[in-house]
Amino acid sequence: MNESAAGSGQSGLGPRGSLVMSLTLTLLLGMLSLLVLFPAAEHLRSLRDGERADATLHTSGSCMIGQCRVEFEADGRTVVADLPTGSGGGKQSVGAALTVRYQADDPQVVAREEDVGGGGAALFAWMSAGAALLFLMLSAMAAIFLVRQRRKAVAGTGVAG
């Protein structure tokens, strides 16, 4: 008796669905790494040699996605600037003291001193890239499984192919 996948209690995407899902996740994670996280980490690194200033956290939020602001003195004036995407320090409360690095010619371009090595953006970029490679390998395995399954079905029917 030939049972269908639904009748045999099996559930899931199946090989084709797994292939499509793995390729989609590979593409999304790869794009996240290449288009968002690696550039954010590089931007943070670009401020390594920037001017140093003592600052306070002006607005807290999710610093990793760029929702934190800092206040500091630059060239005798008070500057309130957004921390860039990929910054750490999201658990600090408003008024917390921190050290920042900023571009001398544009104090609005600023990063926490702890993040100028790449910050959380660098870590997440590599994690996302690794996950993209994992899903790419899963995609290759699903494709091989589909080819073998197709060959087995053709060989079972006696059709030359």
Side-chain angles (χ1 to χ4, degrees), residues 1-50 52 55 57 59-70 81-93 96 98-103 106 108-161:
M1 183 172 164
N2 189 4
E3 294 181 331
S4 69
S8 66
Q10 293 178 351
S11 63
L13 295 173
R16 282 193 182 104
S18 295
L19 177 61
V20 170
M21 183 65 77
S22 292
L23 286 173
T24 301
L25 286 171
T26 297
L27 182 64
L28 291 174
L29 289 168
M31 286 175 41
L32 176 67
S33 284
L34 292 174
L35 300 177
V36 177
L37 296 172
F38 279 122
E42 191 56 37
H43 171 70
L44 290 169
R45 284 188 203 103
S46 73
L47 292 166
R48 278 186 184 149
D49 297 326
R52 191 170 195 246
L57 191 61
T59 307
S60 67
S62 180
C63 295
M64 182 55 85
I65 60 172
Q67 294 182 339
C68 290
R69 301 182 87 188
V70 292
D82 294 324
L83 289 176
T85 301
S87 298
K91 297 190 186 254
Q92 294 178 325
S93 57
L98 56 136
T99 303
V100 295
R101 295 275 182 168
Y102 65 92
Q103 284 183 353
D106 185 4
Q108 290 294 318
V109 180
V110 63
R112 288 181 343 132
E113 189 169 52
E114 293 88 1
D115 294 333
V116 295
L123 173 66
F124 286 121
W126 285 109
M127 288 174 49
S128 179
L133 288 174
L134 172 70
F135 283 109
L136 184 61
M137 289 187 328
L138 290 173
S139 298
M141 289 173 35
I144 290 168
F145 178 79
L146 280 172
V147 168
R148 286 184 179 170
Q149 193 176 35
R150 187 170 292 144
R151 284 185 184 164
K152 188 187 286 186
V154 168
T157 60
V159 177

**Q** For M137, enumerate each residue passing the side chain to side chain contact (heavy atoms under 4.5 Å, CB included) test, keeping only those at least two apart in sequence or located in another chain.
**A** L134

**Q** Are E113 and L98 side-chain neighbours, meaning at least one heavy-atom pair lies under 4.5 Å?
**A** no

**Q** Using salt bridge (Lys or Arg N to Asp or Glu O under 4.0 Å) as the criterion, list what pairs up with R151, not counting sequence neighbours.
**A** none

**Q** Nearest 0.5 Å, what's the OG1-CZ distance between T99 and R112?
**A** 10.0 Å

**Q** Among V36, L32, L37, which residue satisfies the side-chain contact (heavy atoms from CB on, under 4.5 Å) criterion with F124?
**A** L37

**Q** Are any non-hydrogen side-chain atoms of D115 and L44 less than 4.5 angstrom apart?
**A** yes

**Q** Please report the shortest heavy-atom distance between R52 and R101, naming the atom on each side.
**A** CD-NH2, 3.8 Å

**Q** Do V109 and H43 come within less than 4.5 Å of each other through their side chains, counting heavy atoms only?
**A** yes

**Q** Would you please name every residue forming a side-chain hydrogen bond (donor to acceptor under 3.5 Å, both in side chains) with E42, sequence neighbours left out?
**A** R45

**Q** Can you sort out the partners of T24 under side chain to side chain contact (heavy atoms under 4.5 Å, CB included), two or more places apart, ordered by chain and number?
**A** V20, L28

**Q** Quick one: do T26 and L136 satisfy side chain to side chain contact (heavy atoms under 4.5 Å, CB included)? Show the steps, please.
**A** CA-CA 6 Å; T26 297; L136 184 61; 4.0 Å; yes

**Q** Hey, are the side chains of C68 and L57 touching, using non-hydrogen atoms and a 4.5 Å cut-off?
**A** yes

**Q** Return yes when atom CG of D106 has more than 12 non-hydrogen atoms of other residues, nucleotides or ligands closer than 6.0 Å, and no otherwise.
**A** yes

**Q** Please list, chain by chain and in numerical order, all residues satisfying ring-ring contact (aromatic ring centres under 6.0 Å, His included) with F135, sequence neighbours excluded.
**A** none

**Q** Suppose we screen for side chain to side chain contact (heavy atoms under 4.5 Å, CB included). Which residues come up paired with L19, at least two apart in sequence or across chains?
**A** L23, S139, A142, A143, L146

**Q** Please list, chain by chain and in numerical order, all residues satisfying side chain to side chain contact (heavy atoms under 4.5 Å, CB included) with S33, sequence neighbours excluded.
**A** F38, S128, A129

**Q** To the closest 0.5 Å, what do you measure between CD (Q103) and OG (S46)?
**A** 6.0 Å

